[in-house]
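Heads up, the thing below is written out as structure tokens.
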Amino acid sequence: MLKKPGMDECILVCVYYGPNGERLIRRGHKMASMLNCPFYILSVDPLPFDQFDADKSEYVERWQELADELGAQAFILRDNERLPSAKAIKEVAYDKNVTQIVIGQTAQSRWEEITRGSFINVLLREIPFADLHVVSVARNIKSVEEDMYEKGVRAYLVEDGDGYRVSFTQSKGCEFEGIFFKEMGTDFNNGIFKFMHDSKMCQVHVSDDRIEETGTVERMVEEKHVQ
């Protein structure tokens, strides 16, 4: 049997997609502040990041912002996860010397098994070295942006004249690889392009293939080449 890794307190907040995630994170932060201990934020998903839809990736971006804002040790995204959720949580909890876990009680999108006692019982068996805090939260509210974009497709950001554009074929001049989410009801490539830069998720707006935030992209490209 695994032994408790350490005596110091450490909190792990487990979130899935929906407005409840922010409430759980703030609850975990409050507990960490009271105990004067570190806390981590974890999300587990069986899909790889490049298959996330616009709504899901928006939540991931917000959680990263909250992690920075609230001083979390890290936001951990276990995407393309083949382990059951409970075992993935166990691995992170043991690796980070977690002593307390915060998790939502009611349905949060596809993590519906959390609503059943069986998942809670599995966690209790898998992670005997940590206390489990089950927080009652409001049921998932449909996002206003949920139906604004089509399913994301892999795309590339390339320099084009005095600006940048998205391309759907990889070329030598590719600066960033990411996911393009096309707006519903348009024949043109209008939407948002999401990509990773400096270990953070970034997004820029696209209008007829062209990137609107040219200055922002130029700065990121310069930072990338300096590293």
Side-chain angles (χ1 to χ4, degrees), residues 1-47 49 52 55-81 83-115 117 119-141 196-202:
M1 179 181 293
L2 291 173
K3 294 183 180 180
K4 185 174 178 179
M7 297 305 295
D8 295 335
E9 297 292 337
C10 181
I11 293 171
L12 177 66
V13 181
C14 301
V15 293
Y16 203 66
Y17 306 100
N20 298 324
E22 182 166 343
R23 181 179 175 185
L24 290 174
I25 291 170
R26 293 192 180 279
R27 175 66 66 89
H29 169 251
K30 184 176 181 180
M31 291 172 57
S33 297
M34 293 173 62
L35 296 171
N36 192 26
C37 71
F39 82 105
Y40 294 85
I41 303 166
L42 168 67
S43 184
V44 180
D45 199 301
L47 290 177
F49 174 74
F52 285 11
D55 194 50
K56 184 181 289 189
S57 60
E58 196 74 34
Y59 282 119
V60 171
E61 182 178 4
R62 176 57 181 155
W63 295 337
Q64 289 178 328
E65 291 175 351
L66 280 172
D68 293 337
E69 174 188 332
L70 301 177
Q73 297 299 108
F75 166 61
I76 303 167
L77 175 62
R78 298 266 300 227
D79 68 319
N80 201 25
E81 182 58 68
L83 290 175
S85 297
K87 290 190 177 295
I89 294 171
K90 173 185 177 181
E91 280 193 358
V92 174
Y94 191 72
D95 180 61
K96 302 301 183 184
N97 292 344
V98 167
T99 60
Q100 303 194 44
I101 296 174
V102 178
I103 199 164
Q105 181 182 26
T106 58
Q108 294 187 31
S109 188
R110 296 177 185 173
W111 223 356
E112 292 180 350
E113 66 265 33
I114 293 177
T115 64
F119 184 80
I120 302 301
N121 291 337
V122 169
L123 274 184
L124 289 170
R125 289 196 301 269
E126 290 282 351
I127 314 175
F129 53 81
D131 295 329
L132 189 62
H133 299 266
V134 183
V135 179
S136 177
V137 292
R139 288 189 175 273
N140 191 25
I141 302 170
M196 298 298 294
H197 170 63
D198 196 22
S199 301
K200 293 184 179 180
M201 186 186 300
C202 305

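Only a predicted model underlies this, so the values are computations on that prediction, with no experimental measurement involved. This chain uses plain numbering: 1 for the first residue, then up along the sequence.
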Side chains of Tyr40 and Val92, heavy atoms from C-beta outward: is any pair under 4.5 Å? no

Identify the heavy atoms of Glu9 and Pro38 that sit nearest to each other, and give their distance. O-CD, 3.6 Å

Mind checking whether Gln100 and Leu35 have side chains closer than 4.5 Å, heavy atoms only? yes

Kindly give the heavy-atom pair with the smallest separation between Cys202 and His197, and that separation in Å. SG-CB, 3.8 Å

Using distance only, find each side-chain donor-acceptor pair of residues 63-76 under 3.5 Å and give its atom names and separation, not counting sequence neighbours.
from, atom 1, to, atom 2, distance (Å)
Gln64, OE1, Met201, N, 3.1
Glu65, OE1, Arg62, NH1, 3.4
Asp68, OD2, Lys200, NZ, 3.2

Looking at every heavy atom in both Gly21 and Val15, which two are closest together, and how far apart are they? O-CG1, 3.6 Å

For a quick test of reading the model, state the closest non-hydrogen atom pair linking Ile11 to Gly28 and the distance between them. CD1-O, 3.9 Å

Within a strict 4.5 Å, meaning less than it, do heavy atoms of the Asp79 and Phe52 side chains meet? yes

Side-chain contact test, heavy atoms from C-beta onward, threshold under 4.5 Å: evaluate it for Leu132 versus Ile127 and give yes or no. no

Answer yes or no: is there a donor N or O on one side and an acceptor on the other, between the side chain of Ser43 and the main chain of Leu77, under 3.5 Å? no

With rounding to the nearest 0.5 angstrom, report the NZ to CZ distance, Lys30 to Phe39. 14.0 Å

Would you call Glu22 and Arg26 a salt bridge, using N to O less than 4.0 angstrom? yes

NE2/His29 to CD1/Ile41 distance, rounded to the nearest 0.5 angstrom? 9.5 Å

Decide yes or no for His133 and Arg27: does some side-chain heavy atom of the first lie under 4.5 Å from some side-chain heavy atom of the second? no

Would you please test Tyr16 and Lys56 for side-chain contact (heavy atoms from CB on, under 4.5 Å) and show each step? CA-CA 9 Å; Tyr16 203 66; Lys56 184 181 289 189; 4.0 Å; yes

Might you point out which heavy atoms bring Leu24 and Cys14 nearest each other, and give the distance in Å? CD1-O, 3.7 Å

Working to the nearest 0.5 Å, report the span between NZ of Lys96 and CG of Leu12. 10.0 Å

Looking at Ala130 and Val98, what are the two nearest heavy atoms and their distance? CB-O, 3.9 Å

